[in-house]
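Have a look at the structure below, then the notes.
Because only heavy atoms are used, hydrogens play no part in the values below, and waters and symmetry mates are left out as well, while side chains stay in.
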Amino acid sequence: MDLDAGGMTTSAPRQDWWLWRLVATGMAFTLFGVGGVLLRVLVFPAQRLLPGGLRERQRRARRTLSWTFRIFIRFMVRTGILTIDFRGAERLGQPGQMILANHPSLLDVVFLVGHVDNANCIVKHGLASNPFTRGPIAGCGYITNDESFDMFDRAAEVLRNGETLIVFPEGTRTPRDSSPRFHRGACAIALRGARVVTPVVISMNPRSLTKGEPWYRIPPSRMRYVIHVGEDVDPAAWLAAHPLPIAGRRMNDYLHAYFEAELARAAPARAAPNQPSPIAANPESKLDESTGT
């Protein structure tokens with residue numbers, strides 16, 4: 001809603017085939033739910049019959065889910081629901097890499113999992129009991145965020161074992177008209193297990209699919225996502241400079257300021273905040289032209 005000169009609120013005009021986008025969005029959410037159930041009751045049980053241990057079964061499930069999400073992204077792009085510009089996706093998926101991203105919308109995990117074939121992920125605890133998502137979460141061996149010490153230990157262990165781990169340090173979607181607020185737990189995990197931390201800045205315009213927002217409240221124009229993979233951060237450099245608790249706070253402060261600056265750069269109307277000097281990474285992002293869709 002915008003405020004005009006007379007103090008009256010006016011709605012932004014509907015654009016980009018609004019009614020069709022509403023129908024297509026309903027189709028997309030239906031496909032997402034049905035797909036989750038089919039993966040749980042048909043695909044993953046069939047995969048468990050194939051030879052291989054737990055790690056191999058999880059690897060097959062993750063690749064299947066990644067492929068499914070890529071198809072889902074392609075559907076949303078081709079039906080006009082959204083556009084996506086993914087810059088630097090080829091640098092994701094390194095052994096022991098923590099992919100650390102902000103969380104503006106419901107679709108963020110879809111974009112990241114869809115671009116990394118064999119990634120682990122820390123997911124909201126409640127999703128493990130959701131009938132549409134519990135199958136993929138269990139099949140892929142994702143870590144549920146119950147905020148226990150065991151969760152921190154498991155996350156650090158999978159990184160030490162060479163897995164790629166996707167983390168949203170906000171713990172929930174960014175509220176409208178707010179900047180991301182990172183919890184220090186992600187940096188604590190990174191300092192205990194990650195070989196490298198790669199920031200991924202997700203910006204979108206207009207905002208939609210925020211926490212508590214129903215699927216049918218679509219924006220007046222097509223959603224446009226820009227996903228920007230930043231330069232790697234070396235956790236060992238922070239540990240070399242500070243003892244563990246202080247290193248976690250300093251690293252978290254740096255990453256929080258980095259994301260605020262990058263998001264402000266993506267939205268010029270906002271003033272970019274001051275950013276502290278890093279000790280181990282160039283804060284400027286590498287602007288690749290690659291797209292992953």
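Taken from CG in Leu209 to CZ in Phe29, the straight-line distance is 5.0 Å, to the nearest 0.5 Å. A distance of 5.5 Å separates CD1 in Ile84 from CD1 in Ile73, rounded to the nearest 0.5 Å. One distance of note links CG of Asp16 with CD1 of Ile81; it measures 12.5 Å at 0.5 Å rounding. Rounding to the nearest 0.5 Å places NE2 of His256 at 8.5 Å from CG of Asp253. Here the straight-line distance linking atom CG of Asn145 with atom CD1 of Ile122 works out to 6.5 Å at 0.5 Å rounding. Here the CG atom belonging to Leu82 is positioned 5.0 Å from the CE atom belonging to Met76, to the nearest 0.5 angstrom.
Residues Phe32 and Phe132 keep their aromatic ring centres 6.0 Å or farther apart. Residues Phe182 and Phe259 place their aromatic rings such that the two centres sit under 6.0 Å apart.
Between Arg207 and Pro104, the shortest heavy-atom contact is NH2-O, 2.9 Å.
A salt bridge is absent between Glu157 and Arg160; no separation between the charged side-chain nitrogens and carboxylate oxygens falls under 4.0 Å. Salt bridge annotation for Glu56-Arg48: absent, with no cationic side-chain nitrogen under 4.0 angstrom from a carboxylate oxygen. A salt bridge between Arg154 and Asp146 is absent, with no side-chain N of the basic residue lying under 4.0 Å from a carboxylate O of the acidic one. Using a 4.0 Å cut-off between a side-chain N of Lys or Arg and a carboxylate O of Asp or Glu, Glu163 and Arg59 do not qualify as a salt bridge. A salt bridge does not link Glu213 to Arg173: none of the charged nitrogens lies less than 4.0 Å from a carboxylate oxygen.
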Evaluate Leu92 against Val200 for side-chain contact (heavy atoms from CB on, under 4.5 Å), listing each step before the verdict.
CA-CA 9 Å; Leu92 301 180; Val200 177; 4.1 Å; yes
Using side-chain hydrogen bond (donor to acceptor under 3.5 Å, both in side chains), reason through Asp108 and His103 one step at a time and then give a plain yes or no.
CA-CA 6 Å; Asp108 306 324; His103 198 5; 2.6 Å; yes
Could you go step by step and tell me if Asp117 and Arg70 meet the salt bridge (charged side-chain N to carboxylate O under 4.0 Å, His left out) rule?
CA-CA 10 Å; Asp117 280 341; Arg70 286 196 297 272; 3.0 Å; yes
Worked check of side-chain contact (heavy atoms from CB on, under 4.5 Å) between Leu38 and Phe44:
CA-CA 9 Å; Leu38 290 177; Phe44 292 153; over 6 Å; no
side-chain hydrogen bond (donor to acceptor under 3.5 Å, both in side chains), that's the test. Do Thr164 and Gln97 meet it? Break it down for me.
CA-CA 5 Å; Thr164 301; Gln97 179 185 43; 4.5 Å; no
Let's go through Gln47 and Thr64 carefully: what are the C-alpha distance in whole Å and the side-chain angles of both, what is the deciding distance for side-chain hydrogen bond (donor to acceptor under 3.5 Å, both in side chains) to 0.1 Å, and is it a yes or a no?
CA-CA 10 Å; Gln47 288 185 341; Thr64 299; 2.6 Å; yes
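The number of heavy-atom neighbours closer than 6.0 Å to CH2 of Trp17, taken from other residues, nucleotides and ligands shown, is 12 or below. Other residues, nucleotides and ligands contribute only 12 or fewer heavy atoms inside 6.0 Å of the CZ atom of Arg250.
A donor-acceptor contact shorter than 3.5 Å is absent between the side chain of His228 and the backbone of Gly230. Panel note: side chain Arg176, backbone Thr210; no donor-acceptor pair is recorded below 3.5 Å.
For the pair Thr144 and Ile137, the minimum side-chain heavy-atom distance is below 4.5 Å. Taking 4.5 Å as the limit, every side-chain heavy atom of Val167 sits out of range of all side-chain heavy atoms of Ile99. In this structure, the side chains of Cys187 and Met251 come closer than 4.5 Å at one or more pairs of heavy atoms. Side-chain contact between Leu100 and Pro169 is present, with at least one heavy-atom pair separated by less than 4.5 Å. For the pair Ile143 and Val158, the minimum side-chain heavy-atom distance is below 4.5 Å.
Taking the six-membered ring where tryptophan is involved, the planes of Tyr254 and Tyr258 are tilted, since the angle between them lies from 30° to 60°.
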